[in-house]
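Take a look at the structure set out below.
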Amino acid sequence: MQISVSSTLTVYHDGQFWVGLAEHVEDGRYGAARIVFGAEPSNEEILRFVVSKWAKLSFFGHDSTPRRASPRRTPSDAPARRRKPSSSRR
């Protein structure tokens, strides 16, 4: 069995911070992680990051986390649901 893995790190300035975009493809699944460096990182800082923290990145999220079928309602919309306009008051 052969597993295909590919990873890239792109570092760019987003107008305010230096950001890294880590992309990872494993067996056809694509995942990405965003890393904010803040100040412009040196080549040594980037290498240190890759060596020490790359394995800890969560590219695919938590697969065991159940997904909700519908979004949660916020408490602020509860009063609006309770108030129903009456058709006629006598």
Side-chain angles (χ1 to χ4, degrees):
M1 182 164 116
Q2 187 175 2
I3 297 174
S4 174
V5 177
S6 172
S7 295
T8 60
L9 175 64
T10 305
V11 178
Y12 62 94
H13 191 262
D14 72 355
Q16 185 175 5
F17 300 109
W18 285 88
V19 176
L21 175 63
E23 299 174 280
H24 185 80
V25 179
E26 185 173 335
D27 277 346
R29 288 178 48 193
Y30 174 83
R34 183 174 180 260
I35 305 99
V36 178
F37 290 106
E40 182 175 7
S42 66
N43 290 340
E44 292 79 19
E45 290 171 315
I46 294 172
L47 178 60
R48 225 176 335 199
F49 171 82
V50 170
V51 169
S52 66
K53 298 182 181 178
W54 190 269
K56 297 174 189 167
L57 292 175
S58 177
F59 290 106
F60 303 112
H62 300 290
D63 293 337
S64 62
T65 304
R67 306 236 184 243
R68 291 177 112 2
S70 61
R72 284 187 175 174
R73 295 187 178 189
T74 60
S76 63
D77 69 352
R81 285 194 316 270
R82 276 188 250 134
R83 277 193 311 256
K84 293 184 179 179
S86 61
S87 56
S88 64
R89 288 190 161 200
R90 291 183 190 198

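Note that the numbering runs from 1 along the sequence shown for the chain.
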Say whether Leu47 and Ile35 are linked into one hydrophobic cluster, either directly or through other cluster members, by side-chain heavy-atom distances under 4.5 angstrom.
-> no
Can you tell me how far the OG atom of Ser4 sits from the CZ atom of Arg29, to the nearest 0.5 Å?
-> 13.5 Å
Where Glu40 and Glu45 come nearest, the two heavy atoms and their spacing = O-OE1, 4.0 Å
So, for Ala33 and Ser58, which heavy atoms are closest and what is the spacing to 0.1 Å?
-> CB-O, 4.5 Å
Assess the pair Tyr30 and Phe59: is the distance between their ring centroids shorter than 6.0 Å?
-> no
same_hphob_cluster(Val19, Leu21) at 4.5 Å side-chain heavy-atom cutoff = yes
For Phe17 and Asp14, the nearest pair of non-hydrogen atoms, with its separation, is N-OD1, 2.7 Å
When every non-hydrogen atom of Pro41 is compared with those of Trp18, the smallest separation belongs to CD-CB, 3.7 Å
Listing, residues 6-13 side-chain donor-acceptor contacts under 3.5 Å, not counting sequence neighbours, or none:
from: Ser7; atom 1: OG; to: His24; atom 2: ND1; distance (Å): 2.6
from: Thr8; atom 1: OG1; to: Glu23; atom 2: OE1; distance (Å): 3.4
from: His13; atom 1: ND1; to: Gly15; atom 2: N; distance (Å): 3.2

